[in-house]
Every structure is written in C-alpha cells, then in structure tokens.
Amino acid sequence: MDYNFKEIEAYWQKEWEDKKVFRATQNDKCEKFYCLEMLPYPSGVLHMGHVRNYSLGDVLTRYYIMKGRNVLHPMGWDSFGMPAENAAIKNKIHPAKWTKQNIAQMRAQLKSLGFAYDWEREIATSDPHYYKWNQWFFIKMWEQGLVFRKKANVNWCPTCQTVLANEQVSEGVCWRCKNPTQHKELEQWFIKITDYSDKLLDGLKELEGKWPPQVISMQKNWIGKSVGAEVDFEVVAGGGKKDALKIFTTRPDTLFGVTFMVVAPEHPIIKKFKNEIKNFDELEKYIKKAASKTNIERSQAKEKTGVKIEGLSAINPANSKEIPIFAADYVLTDYGTGAIMAVPGHDQRDWDFAKAFNAPIIEVIKGENSSVAEAAFEGDGKLVNSNQFNGLATDEGIKEVIRWIEKEGFGKRTINYKFRDWLISRQRYWGTPIPMVHCKKCGTLPVNLEDLPIVLPEDVEFTGEGESPLKKNSAFVNTKCPKCGAPAKRETDTMDTFVDSSWYFLRYTDAHNDKEPFKKSAANFWMSVDQYIGGIEHACMHLIYSRFWYKFLHDLKLVKNDEPFINLLTQGMVTLGGVAMSKSRGNIVSPDEIISKYGADTARLFILFAAPPQKQLEWSADGVEGSWRFLNRVWRLVEVIDTLSDVKADQKEVDFQKENLLRLMHKTIKKVSADIETKLQFNTAISSIMELVNALYSYKFHVRDGGVSKEVYKNVLLLMAPFSPHLCEQVWKNLGYEGFISKGAWPEFDEKMIKDKIVEIPVQINAKVRGKILIPQGAGHEEVKKLALENERIQSYIEGKEIIKFIYIENKIVTLVIR
RNA sequence: GGGCGGAUGGCGGAACUGGCAGACGCACAGGACUUAAAAUCCUGAGGUUCGCAAGAACCGUGAGGGUUCGAUUCCCUCUCCGCCCACCA
C-alpha cells in the first residue's frame, strides 16, 4: 500500500506550526546561519520556479538546523508593482485587496509544501510599516546628497504609462508588458549610485569563489570601468571660430592613427556651429532619422551610416594634422563624451566606417604578421608611425602617451564607467510615495521624519488612462510646506520596486520594529546572509541595487559588514519541452496538481533530483513518478528490516555483509554532507541515498545483525529529512524515535569505517585495462607490483615482453608500460 | 560585435586534484508473484564485430590536433547551442 501522504503532510505541517519548530531566536548558544531565497512577487499562483527556489533553500535550512546551527529562514512578499495596478484597471479591484488575496493564496501554497519558514517574520513591502522605511532611507540619502532630480530623456512605455530604467528595457520593449517603448523627457528622481561604482567593483573581490563567476563578471561588465584618456581636439570652422572636442579613449597609444572624428548625431557641437556648417540641412535630416531609430535598430545596422560635417574640421593634437568630422549613429551620445577619435587601423567599427566613406587608414600598431589592409588590427603590438613613441609596446605606449598629453596640456588620464545613475521615480500608484514636497517659496524638500509614513491614499480611481491616479487625489496632493507652512504640493511619483527589495533582508532580522527600520543589534547578529538563492536574471539589477543599499547603510554605520550576501546560488529555469514554462506557451505544470497527486515530498524530491541547481531543469512526469516510487520504497523498508531472509548463511558471512553495509552507510553520510554543504549538489546527494536504500533491499540479515540494519535505516531517514521531511517525520515517529526528526542530530561519519580492508583496483597495460587485483588497504609499492605480476591474466599479456615502466597510484590504479 | 557558460547512451544526468566513462533515476526488455492486469520484487543493457555460451576484440564523452604511461578533465584550432550585454571608443 502506498503511504498516505495527504494525512501525513497535513499532520506534520500543523505540528511544526503549533510547536513553533522553525522560529528563529537571537541567541549565542550556537553559530547563526541566515538562509534566504529571493522574495516572490505575489502574482497569485506559485509556479515551479518558486518550488525549485524554495526547495533548494529549504534543504539548506533543514540541514543546518540538524547540524545544530541557529538558522534564520524567513519569507515575505515583494508586493508593490504594476500587475496589481493592471488588475485594478481590468477587474475594478483595488490593488491592496488584490495583493492581499494573492498573498493569502500563495502563503497557503507555500505552507502545503512544508517549507521551514519562520512565519512570524513575514513581511509585505506594500505594508506602510515596511515602506515607511523606504521613505526614511530616501530622506537619509537626500541628506547625504545621493538623491537628485534631473530632466532626462527616459524610456517611456506608452502602454504602462510609466518610465522604465535602462535595465528594464530589453530589445526595445518593456520588460513586463513586452510592448515597444519610446523616448520622452521628464523631470525625474535619481539615486546617485555611480558614487559607489568603485566600492561595488572592489566588493566583488570579496565575493570571488562564493558567487558564481558569471555573476561576478556580469556585474563587472555592467559597471564597465575603463581606464583611458580624455583628449581635447581643436575644432576649426569658417570665420576663424574655434572650439574643443573632447573625446574619451581606452587606446591613447593609437593617437597618431586618428584620421577623422565622429560625433553622435545628438552632439551639441552641431547646433553650436549651425551657421558655419555648410550642409546643415542634410545633417538635420540624418539627426531626425537617427532619433526615430531605437537603440536596437542603431546597433543592429550592418552598414555604417553617417554624414560628413562640411565646414568643420579638427586638428589632431599629436601631429597637428587637419582631419574631417562626421556625425554617425554608431557613436552613442550617453557613453563617454558622445564623440570619438576614429582610428580605422585599430578599431573595426572605425575601419568599416573609413571604408564606407573613403577615409585613410594608418597603421600605428604593428603586431606579429599584422596588417590593416583587410581588417582593423585590435591586438597588442609595437607602436609605429608615432614619432617619439615608435617601438614601444602597447601597454608602455598607453602610459607614455598619457604622460605626454598631460605634459602638453591637451588631455589627461581618466576613468570611464558604463554604469548610470539609478532612475527611481515611477508615475504610478502602487508603490512607495516619494516623501517630498514642492513649495513655491522653499523649493523641493523632504517631509519631516516624524510625519512618515506618507501613506498611499486608498480612495483613488483606476481608469488606466493618463497619468498616475495619485495626481488626481487632491487630499493627497495638497499639503503644507514642512519648512514655511505655506500651501504646497506633494510629489506624486512613487518609487521603483527595486527599492523595496534592496533592503528587505534586513527587515527580517527585526520585522516588527516601529521605531527604526531594524535594530542595529539584530541586523548585526544575523547579517550577512550566509546563503542567498535566486534566479540568474537578477544578476545585475537586484543584486547591484542591494549591494549598493547595503554599502550606503554601512556608511551610515547602521550595519557592520559591507556586503549583504556572502554565498550566492543562482538556480536554472524549469522548462517543459526545452522552453521555460509560461502562460503564453501554455506549458505550465501546476505545483498544486503535483502536490495533490503525489504530495509535497515527491514534488520537492523530484525537483531537487532531476538536475543540478544551477542548470536548467526539464520537467518530466515520468521522473516525478520515479521519485514517488522511491519514497514508497523508503516507506516500505519498515517491513523489509523485520524480514528474516537468509537463514542458511553462517556468522562469518553475516559479519562480512554487515560490515559492508555499515561502510556504505558511513560513505553515504560523508557524501551527502559534502554535497549539501560545500557543493550544493543535491541531485547527487539524493542518488547516493538511493544507493544506500538499494543496499538495504539487497541485504539479507536484518534480524541477525544485532540491529545494524535498523541503525542504517535510521540514518537513511536522517539523511533524507531535509529533502522529504514529512515522510521522514512520520517514519521516525512510527519507529519510536523521540522528538522531531527536523530537529534531530545530523549523523556523523567515521573515517575509519569508510576505508575498505581490501581494495580492488584495475591493472592497465599500455593504457588498456587488462585485469583487476585485490590489494590490502595501504599496501606498499613492491607488494602491489608483486600482486599485479602474479595475476594470471596479466601474465598472459606481459609474457615475452619487456616492462619499461610500473606506475602505482595509491588505491586507484596500476599501470604497466610494456614493449 | 563583446562577455560568460555548455556539448557525455533512447532521455535527465554522474565521474575527487589527470587514474576502471556512463553512478543514480527515467524509458526499455526479460523473469518472479497474480486467473489476469496494475503495483511490487529480482535481473539485463553504450556501440560494433566475433562466439552456442562463458566471454573476447575494437570503437566511444561535439570535430580535429597536442601534452602524458594515461585526457570527459589540461593546451591549441574549429563547429554548434544557451544566457547576459550590445556599435562602450
């Protein structure tokens, strides 16, 4: 009979909750462990990606509890954001109500999976008790000069009627609604995250080896620090009018190879010299065309386009040569200075442009067999055609040229970043109100800290048209200036939801504090997060914002450390038919369906077993069935270990088999512990438990071995408890063991028990396995050689041949090289 | 275009630091139990060739080359796939 998972799972979930088994308390009796999974957006339904994410975290949580650590494992809701507002527009339901319902539903789903959360620390970011502190931090940042407003050409989603961060637009479409975006100029709120560029970059060194290397390198590329030089090129126009064109280059060593300049079509120099430029009309047409193109169109164009600016030219300060200036859209206005020095010999884009516009190509770097005839040479080499710098290697050349231009006064060494400031305002209702007031007399200033939180008004209308509903709520908008008391207007923009998730992990340490965002002592007790788990898609956004926020709090002396997440695990997607599960593809497998058919333990076991955590996981109905069968096999072991199956065997045989079984048990404990703790490879941990269970099935002396078999079964349960906790609790109880297995002691292994007395190793002859020999544990070189050469099979191969070499790798392999 | 990964049976995947490739699971085949089926338990299996059989030989981790007694693992060249960024000067 299959085990009754419905009854068992409901029973233990209630027991854990009633007895408060997973409540975390601040105590120094044992070492703390903070295990955290990225908090979910309460969309209303749990999907398999969630199940995977939280199952991974739950294994670690339960493992460390059993190891005697003091584990904090909280859960909450990233509950501000667009879908709630969209639902309000579509279904005439208030975002607050919609969100609340969704949370209730998803909380129930999470509970049905038996995750070991401390539910007393649950938070929701849309709760005023939470977002009050977003406002508080915002004002702190404003006081530190980290918040500013500026008019910016921002990404505008006409569908959502909101501004999106650069990071939220991919391939020209809105990251959530997938509709194309446009550009629009608006007065926006920014956080000066770029002040932390170097700190964020330096911090990555600390994370080396603890974070996936891809994430570290993605963040490095995201910040995009490059050292180079700023060089001023003199611009001359008709009528003797002059100006300077500033460019940034990472290759100042190629300065003598500059044969023309290129500016972005938006570059101010064009308007400035409107009267001197002879082909201004043609240019204007090109500028218009470029502006209508999205960045993607601009970047995917195979042919380089551009227009020569007639009437303007530049002087290369290195050799005083006069060179033409072009406007072309392959130069971006918001990177560097919006203008480049073109070195067609050593930059492929410039080379392409030079070919298309018949500009000369000069070779100034000579590599081994390099040539600039067919393509640009972008590698390192020796400087040529560069006057006093000829013969220098690339890296020396860079240094020397910078020194020279600094001395001559037409440029300097600079550092450039790709990283931009964080645009946080949203013209939206369902978010944290930005706690600022616009006063005609006093300007824009923050509300008084005592007046926080600035609560979102509930009585608003959702039409889905025009600007934010907050703007239309006069009771909210009209206020008094916090400084002079005169009538003033409240800011109606709300914050990007990435603000909410930038510090939530700190709130869990002191979730109900109404006087401060968190007690310093609580944060310092639990932080940093020992293991953070979530999707790779957050590699650059959430994980950079959080690191920035934490470093800011560190500078405010609110937290001791300056990196929030020590270890990071990025899990792969759950797919069906090779593609991610999604509503639009209609390939969703609902967790509820699996839970009601097989139970939570099976769902968890399968999702942990089917693939290593970092890799994509292909859902397989048959695989789920297999996990279900395995759990039943474990359940039925109760009967097996009471069965007398081989009465004929003598005591010697019993002792021998008993020892083998015990050895396998110790080996398994060692492997499972290492797989969970250091490798985070749960799939192999489970497969080795399966092997131990298989061994128990083929073992025949359950009633004659003095309780060894029962001992092994007990350890199987302990090893499986982090993966399939309900079943293990029940069998634990059925077998008469005391207390919760979830709080039980993780088994220890005995290294002495693991070593076999006799080891079987292969013997290779000329790299082919030709036989196997048994050697005593720790046998010496000579002894092994003797055993190998005595072997009949081996002898048949070496007869009449000369042994040139004998190699023995301890307890692994013997190799003979013969001729 | 740049960065970072990856490629192992019919499938998901395993293999410590260069040491018996294919653990474990799925699917499959055979057997036991059963009136029968399901479930369960047991057994088998990378490919090719030879052999009645026990077994044997050769090939085999995307392709080609290299280092080594020995390479899925290290090095070089190439192909394909995925993810992220993208004309980043």
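Note: hydrogens, waters and symmetry copies are ignored here, and every other heavy atom, side chains too, is used. As the structure is a prediction and not an experimental result, all values here were calculated from the model. The sequence lines fix the lettering, A, B, ..., with proteins before strands; numbering per chain opens at 1.
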Its glycosidic angle compared against 90° from 0, G64(B) adopts the form anti
Does Pro213(A) reach a base, just sugar-phosphate, or nothing at all? Heavy atoms under 4.0 Å.
nothing
Are OP1 or OP2 of A39(B) and a side-chain N or O of Arg633(A) less than 4.0 angstrom apart?
no
For the P atoms, the ones on G6(B) and on C58(B), what distance do you get once it is rounded to whole angstrom?
33 Å
If you find the nucleotide of RNA chain B closest to Pro762(A) and the one closest to Asp622(A), which residue's nucleotide is nearer the 5' end?
Pro762(A)
Between the protein and nucleotides 66-76 of chain B, list the N/O to N/O atom pairs that are separated by less than 3.5 angstrom.
{"residue": "C69(B)", "atom": "OP1", "partner": "Lys805(A)", "partner atom": "NZ", "Å": "3.2"}

5' priority, RNA chain B, between Thr250(A) and Ser620(A) [closest heavy atom]
Ser620(A)
Assess the pair Phe353(A) and Phe260(A): is the distance between their ring centroids shorter than 6.0 Å?
yes
Ignoring backbone atoms, test whether Arg629(A) places a side-chain nitrogen or oxygen under 4.0 Å from the OP1 or OP2 oxygen of C26(B).
yes
Under 3.5 Å, is there a donor on one side chain and an acceptor on the other for Arg629(A) and Asn632(A)?
no
Using both pair distances under 3.5 Å as the test, note the stems of at least 3 consecutive Watson-Crick or G-U pairs that include RNA chain B.
B:1-7 with B:79-85, B:10-12 with B:24-26, B:28-32 with B:40-44, B:46-50 with B:55-59, B:62-66 with B:74-78
With heavy atoms under 4.0 Å as the rule, sort Glu378(A) into base, sugar-phosphate or nothing.
nothing
Are any of Tyr797(A)'s side-chain N or O atoms less than 4.0 Å away from OP1 or OP2 of A56(B)?
no
If you compare every side-chain N and O of Asn683(A) against the phosphate oxygens of A14(B) (OP1, OP2), does one of them come in below 4.0 Å?
yes
Whole-Å distance between A89(B) P and Phe233(A) CZ?
16 Å
Closest contact, heavy atoms only, Val814(A) versus Ala788(A):
CG1-CB, 4.3 Å
With sugar-phosphate meaning primed atoms plus P, OP1 and OP2, does Phe630(A) contact a base, only sugar-phosphate, or nothing at under 4.0 Å between heavy atoms?
nothing
If the plane angle is over 60° it's perpendicular, under 30° parallel, otherwise tilted; pick one for Trp628(A) and Phe5(A).
perpendicular
Touch class at under 4.0 angstrom, heavy-atom based, for Gly224(A) against every strand present
nothing
Within the 4.0 Å heavy-atom criterion, would you say Gln214(A) contacts the bases, only the backbone, or no part of the nucleic acid?
sugar-phosphate
Determine whether more than 12 heavy atoms belonging to other residues, nucleotides or ligands lie under 6.0 Å from atom CD of Glu792(A).
no
Using a 4.0 Å heavy-atom cut-off across all strands, classify Asn416(A) as base, sugar-phosphate, or nothing.
nothing
Closest non-hydrogen atoms of Leu56(A) and Ile533(A), given as atom of the first, atom of the second and distance, are C-CD1, 4.0 Å
Pick base, sugar-phosphate or nothing for Lys679(A), based on heavy-atom distances below 4.0 Å to the nucleic acid.
sugar-phosphate
Distance between the C1' atoms of C41(B) and G47(B), in whole angstroms?
31 Å
